[in-house]
Amino acid sequence: MEDKKMTVFAGEYLAHSGKIAIVVSRFNEAVTGKLLGGAQDMLHRHEVNDDNIDVVWVPGAFEISGMVRQLLATNRYAGVVTLGAVIRGETSHYDYVCNEVAKGVGQLALNSDVPVVFGVLTTDTLEQAQQRAGGKAGNKGSDVAADILELIDLHKQLANA
Ligand SMILES: Nc1c(NC[C@H](O)[C@H](O)[C@H](O)CO)[nH]c(=O)[nH]c1=O
Ligand SMILES: CC(=O)[C@@H](O)COP(=O)(O)O
């Protein structure tokens, strides 16, 4: 998949303006680990080095929102990436987890001056998740890492307007 054209200044900007946090859930780690790798690879390719990337693991997608809230409160980050994989099981638990993580991350993104992106897979099957974590449907982690860089760029432009 061709990379979206990005402003390479992001790496330089981050060096002076903050870091990027990646909150990733451990549940379905075989999938979320690949999302993380995709996100890190995308950031590296846009000159964001590991000194400016903080990776925070949480048990499951339900815990992502609370951790994002804590990280935003530090005022240390120029952007926050969330990564997870919620895969439907036998019960309605899937629906509750999906609803809460989507609602929580959405509210945080809406109420924060720092961009927050949603990279949590919500799939019916493991195969669907695998396809979106480096399979034939691409890598959602890579996609949202590109999105956070674009948003950081936009926020910088707004701040300088
Ligand atoms: N079933 C999945 C979960 N469930 C766990 C919750 O996210 C949470 O960690 C637990 O309820 C304790 O609060 N989490 C996922 O990320 N993906 C799933 O498929
Ligand atoms: C998304 C979930 O919580 C799900 O994986 C749990 O599986 P089950 O509904 O079979 O308990």
Side-chain angles (χ1 to χ4, degrees), residues 1 3-4 10 14 18-46 48-152 155:
M1 180 184 298
D3 285 349
K4 301 173 188 172
L14 285 168
K19 310 169 79 167
I20 290 175
I22 302 177
V23 182
V24 52
S25 50
R26 198 167 41 248
F27 205 110
N28 293 319
E29 186 178 354
V31 174
T32 63
K34 292 182 178 176
L35 295 176
L36 176 61
Q40 291 171 315
D41 176 59
M42 177 61 74
L43 295 177
H44 294 159
R45 282 191 276 137
H46 290 89
V48 180
N49 62 47
D50 284 330
D51 292 342
N52 282 319
I53 304 171
D54 286 347
V55 178
V56 181
W57 288 89
V58 295
F62 186 85
E63 284 74 42
I64 289 174
S65 302
M67 183 53 64
V68 170
R69 182 174 178 274
Q70 296 296 321
L71 293 170
L72 290 172
T74 68
N75 293 315
R76 195 179 299 156
Y77 298 101
V80 181
V81 174
T82 63
L83 301 174
V86 188
I87 302 173
R88 190 181 297 276
E90 296 174 353
T91 72
S92 59
H93 194 238
Y94 167 88
D95 300 301
Y96 292 99
V97 173
C98 290
N99 289 338
E100 289 309 308
V101 65
K103 182 176 66 178
V105 173
Q107 286 180 334
L108 289 163
L110 194 59
N111 296 316
S112 171
D113 294 331
V114 170
V116 181
V117 292
F118 186 73
V120 179
L121 299 177
T122 53
T123 65
D124 289 318
T125 67
L126 173 59
E127 183 185 14
Q128 288 174 342
Q130 289 169 329
Q131 288 170 349
R132 290 155 179 80
K136 67 180 182 181
N139 189 309
K140 174 64 75 173
S142 177
D143 294 346
V144 296
D147 294 339
I148 201 66
L149 291 175
E150 182 176 356
L151 288 166
I152 289 170
H155 280 240

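Order of appearance sets the numbers: ligands from 1, and atoms from 1 within every ligand.
Contact annotation for V101 and ligand 1: no heavy atom of the residue comes within less than 4.0 Å of the ligand. Contacts of T91 with ligand 2, taken as heavy-atom pairs under 4.0 Å, involve both backbone and side chain.
Between the side chain of N139 and the backbone N or O of K34, at least one donor-acceptor pair lies under 3.5 Å.
Short contacts between ligand 1 and A85, defined as distances under 4.0 Å to a heavy atom of the residue, involve ligand atoms 15 (C), 16 (O), 17 (N), 18 (C), 19 (O). Taking a cut-off of under 4.0 Å to the non-hydrogen atoms of Y94, the atoms of ligand 2 that pass are 1 (C). Below 4.0 Å from some heavy atom of N28 lie the following atoms of ligand 1, by number and element: 17 (N), 18 (C), 19 (O). Each of the following atoms of ligand 2 lies closer than 4.0 Å to a heavy atom of V86: 1 (C).
In this structure the side chain of H44 reaches within 4.5 angstrom of the side chain of D50, judged on heavy atoms. Put simply, the side chain of V58 reaches to within 4.5 Å of the side chain of I64, judged on heavy atoms. Under the 4.5 Å side-chain criterion, counting only non-hydrogen atoms from C-beta, I53 is in contact with V48. Using a 4.5 Å heavy-atom threshold, the side chains of F27 and V86 count as separate. Considering only heavy atoms from C-beta on, I20 comes within 4.5 Å of L149 through its side chain.
The protein heavy atom nearest to atom 6 (C) of ligand 1 is F62 CB, 3.9 Å. Here the protein heavy atom with the shortest distance to atom 19 (O) of ligand 1 is I87 N, 3.0 Å. The single protein non-hydrogen atom nearest to atom 16 (O) of ligand 1 is A61 N, 2.8 Å, given as residue, atom name and distance. Ranking the protein heavy atoms by distance from atom 3 (O) of ligand 2 puts H93 ND1, 2.4 Å first. With hydrogens left out, the protein atom closest to atom 8 (C) of ligand 1 is E63 OE1, 3.4 Å, a heavy atom. For atom 5 (O) of ligand 2, the closest non-hydrogen atom on the protein side is I87 O, 3.2 Å.
Minimum heavy-atom separation, A129 to I87: CB-CD1, 4.0 Å. When all heavy atoms of R132 and A137 are compared, the closest pair comes out as CG-CB, 3.8 Å.
In terms of N/O distances under 3.5 Å, ligand 2 is approached by E90. When only interatomic distances are considered, the shortest N/O to N/O separation between G89 and ligand 2 does not fall below 3.5 Å.
With I22 as the fixed residue, the side chain to side chain contact (heavy atoms under 4.5 Å, CB included) test singles out one of D54, L71, V81: V81.
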